[in-house]
Amino acid sequence: MSVAVEPMVNLPTELRPPLAHDEVLLEADRCLACGGPYALAPCTVACPADVDISGFVEALARDDVVSAAETIYDQNLLAGSCSRVCPVEVLCEGACVLTEEPIQIAALQRYATDWALQHDVPLRPAAAPTGHSVAVVGAGPAGLACAGELAARGHSVTVFEERQEIGGLIRFAIAPYRIEAEPLPAEQRALEALGVRFRFGSEVAGLDELASYDAVFLGVGLGEDVAMELPGDELVGVWESLPFIEALKTGSPPAVGERVVVIGGGNTAIDVARESVRLGATNVTIVYRRTREDMPAYSFEVDEAEEEGVAFAFRTLPVRFLGAGRVNAVECVSMRPGSPDESGRRRPVPVPGSEFSLRVDTVVRAIGQQPRPELADRFGGFEHDWGKVVVDDDGRTSNRRVFAGGDAVNGGDSVVEAVRHGKRAAAAIDRSLT
Ligand SMILES: Cc1cc2nc3c(=O)[nH]c(=O)nc-3n(C[C@H](O)[C@H](O)[C@H](O)COP(=O)(O)OP(=O)(O)OC[C@H]3O[C@@H](n4cnc5c(N)ncnc54)[C@H](O)[C@@H]3O)c2cc1C
C-alpha cells in the first residue's frame with residue numbers, strides 16, 4: 001500500500017484554464033507549422049476528429065480568430081467541449097514535435113471556439129434542404145456530431161434525448177474540474193442555428209417510433225455503473241461513480257467527510273479521488289486489485305492524483321462495507337497474481353487470512369459502465385457483441401436503416417472518438433440518402 005503524500009496547496013478548480021489574448025498570440029507563434037504537401041502534421045494525424053491543427057494555430061498567430069474557428073469547425077462541431085475534455089496528452093499535444101514543451105493546442109482551440117460561440121460565428125455555411133429526414137437517438141457527443149454534420153449537408157435532423165439537456169456524459173459524468181455546463185448551452189444554440197431540432201424528455205423505446213425517418217443514428221451510450229454487490233452496500237455514504245459525479249455537476253456536492261475510498265483503477269476512479277480532495281477530504285485512497293502498471297487510467301493522471309495527495313492501495317480487493325446506518329469502514333483482502341486467464345494476464349486471487357479494514361466516511365465504486373444488450377431487439381434486431389453494437393466501416397449496423405456510434409459501439413472510449421463515429425456515420429447516411 002502506498003503512503004499518503006502531502007497534498008498540493010491551492011489545487012486548481014479548473015484543470016485546463018483559458019488563455020488570455022496575448023498569451024494566445026505568443027503560444028500560437030511558437031508552432032513550427034510542420035507538415036506539408038507530402039505529410040500531415042503529427043498533431044493532426046493524432047486527432048481522431050482530423051482537425052487541421054497547424055492551420056488553425058497559424059490563423060491564431062495572425063490574430064484571425066474567425067478563420068481559426070472556421071478551420072476547427074470544418075472538422076469538429078463539438079470542438080469547444082473537446083478542447084476542455086480531450087486527453088490531449090496522448091493525442092495532439094503528445095504528438096507535437098516540441099516534445100519538451102508542446103504547443104498548448106487544447107487551450108488555443110478553446111480560445112478560438114469560445115470566441116466563436118460568444119460572437120455567433122456559424123458552425124458551417126447554410127446548405128439547401130435535401131428533403132430527407134434523419135432521427136438521432138441520444139444527445140451525447142456521438143449524436144450531436146452526427147446531427148450537426150447531417151444538418152450542415154441540408155438534411156432535416158431531429159435529436160431525441162431522454163434528459164432535458166444536451167451533452168450525455170459530458171454534461172453529467174465528466175468531472176467538473178474538466179468541464180462544467182459551459183460551453184454546452186452555446187454549442188446547442190450553434191447546432192440549432194445549423195438546423196438541428198432537439199426533443200428533450202423523449203426516451204425512444206424502439207425503432208417503430210421512428211418509422212417516418214429515412215435513417216436512424218443511435219448514439220445512446222452505455223448503461224449504469226457495473227454492479228459490485230457487496231454486503232453493506234445499502235449503507236449511507238456508499239456511492240456509485242455516476243450518481244456521485246452527477247451530484248457534483250448539478251450543484252449538490254456530497255458531504256464526503258475526511259476519509260474517502262475509491263474502488264477502481266480507471267480514469268473515473270482518478271477523477272472521483274481528485275474531486276474528493278477538492279471537496280475537502282484529507283485522506284483519499286484508491287483501492288485497486290492489481291498493480292499500478294495494470295491500471296487502465298492514464299499514467300500521467302495517476303501521477304497527478306498522487307501529487308495532489310491521493311494514496312493508492314494496490315493488490316487490494318474490498319469484500320464488505322461496515323457501519324451502522326452510515327458506512328465507517330471497508331473490509332479488504334490483499335491479492336496476489338494467480339494463474340493466467342484467456343488473455344495471458346495473471347488473474348488476481350485473494351491471499352488467505354490477509355483481511356484488513358480501512359476507516360472511511362465515503363466509498364465510491366468506479367469500476368465502469370454496463371453495456372445495453374437489450375437495445376438490439378428494440379432497435380431493429382441488429383448484431384451485437386456482448387452488448388456492443390456491431391457496425392461496419394461506415395458505422396452501419398446489420399439493419400441497413402440504422403447506424404450507430406460512440407460508447408454503444410466501442411464499449412466506452414472518449415468524447416473525440418464519439419465525435420469521430422458521429423462524423424463517419426453522418427457521411428455514410430448522407431451518401432446513402434443522396
Ligand atoms: C465518469 C466518466 C468520465 C469521463 N471522462 C472523460 C474525459 O475526461 N474525456 C473524454 O474524452 N472522455 C471521457 N469520458 C468518456 C466520454 O464521456 C464518452 O466516451 C462519451 O461521452 C460517449 O459519447 P456517446 O455520445 O456515445 O454517449 P453518451 O455521452 O453516454 O450519450 C448518450 C446519450 O443518449 C441518451 N439516451 C440513451 N438512451 C436513450 C433513448 N432510448 N432515448 C433517448 N435518449 C437516450 C442519454 O441520455 C445520453 O444523453 C468519461 C466517461 C465517464 C463515464
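Indexing begins at 1, ligand by ligand and atom by atom, following the structure's order.
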Please indicate whether any nitrogen or oxygen in Glu162 is less than 3.5 Å from any nitrogen or oxygen in ligand 1.
yes
Mind checking whether His132 and His155 have parallel, tilted or perpendicular rings, split at 30° and 60°?
tilted
Please determine whether side chain to side chain donor-acceptor pair (under 3.5 Å) holds for the pair Arg197 and Ser156, giving the CA-CA distance in whole Å, both sets of side-chain angles, and the decisive distance to 0.1 Å.
CA-CA 8 Å; Arg197 278 188 299 271; Ser156 163; 2.8 Å; yes
Where on Arg178 is there a heavy atom closer than 4.0 Å to ligand 1, on the side chain, on the backbone, on both, or on neither?
side chain
Row check, Phe172 ring normal vs Arg163 NZ/CZ: under 6.0 Å, within 45°
yes
Report the nearest protein non-hydrogen atom to atom 9 (N) of ligand 1: residue, atom name, distance rounded to 0.1 Å.
Val85 O, 2.9 Å
Honestly, for Ser202 the part within reach of ligand 1 (heavy atoms, under 4.0 Å) is backbone
Test of proximity, Pro87 against ligand 1: N or O pairs below 3.5 Å:
no
Quick one: is the NZ or CZ of Arg292 closer than 6.0 Å to the six-membered ring centre of Phe312, and within 45° of its axis?
yes
Ligand 1-proximal atoms of Arg84, by part, heavy-atom distance under 4.0 Å
neither
Would Arg372 count as a polar contact of ligand 1, with the cut-off being nitrogen or oxygen pairs under 3.5 Å?
yes
Geometry only, no angles: is Glu203 polar-contacting ligand 1 at N/O separations under 3.5 Å?
no
Looking at ligand 1, would Val137 count as a contact under a 4.0 Å heavy-atom criterion?
yes
Can you find a non-hydrogen atom of Pro141 under 4.0 Å from ligand 1?
yes
Test of proximity, Gly143 against ligand 1: N or O pairs below 3.5 Å:
no
What do we get for Val415 next to ligand 1 when only non-hydrogen atoms under 4.0 Å count, side chain, backbone, both or neither?
both
Any N/O of Gly412 closer than 3.5 Å to an N/O of ligand 1?
no
Scan side-chain atoms only and decide if Ser343 and Asp341 contain a donor-acceptor pair under the 3.5 Å cut-off.
yes
Within-cut-off N or O pair, Ile174 and ligand 1, under 3.5 Å
no
Test your reading of the structure: does Asp407 have an N or O sitting under 3.5 Å from an N or O of ligand 1?
yes
State, without any angle test, whether Asp52 and Thr71 hold a side-chain donor-acceptor pair at a distance under 3.5 Å.
no
Side-chain H-bond candidate by donor/acceptor type, Ser202 with Glu161, under 3.5 Å:
no
Run the side chain to side chain donor-acceptor pair (under 3.5 Å) check on Asp294 and Tyr288 step by step: do they pass?
CA-CA 9 Å; Asp294 294 319; Tyr288 181 53; 5.7 Å; no
Here the pair of heavy atoms bringing Asp50 nearest to Gln75 is O-CG, 3.1 Å
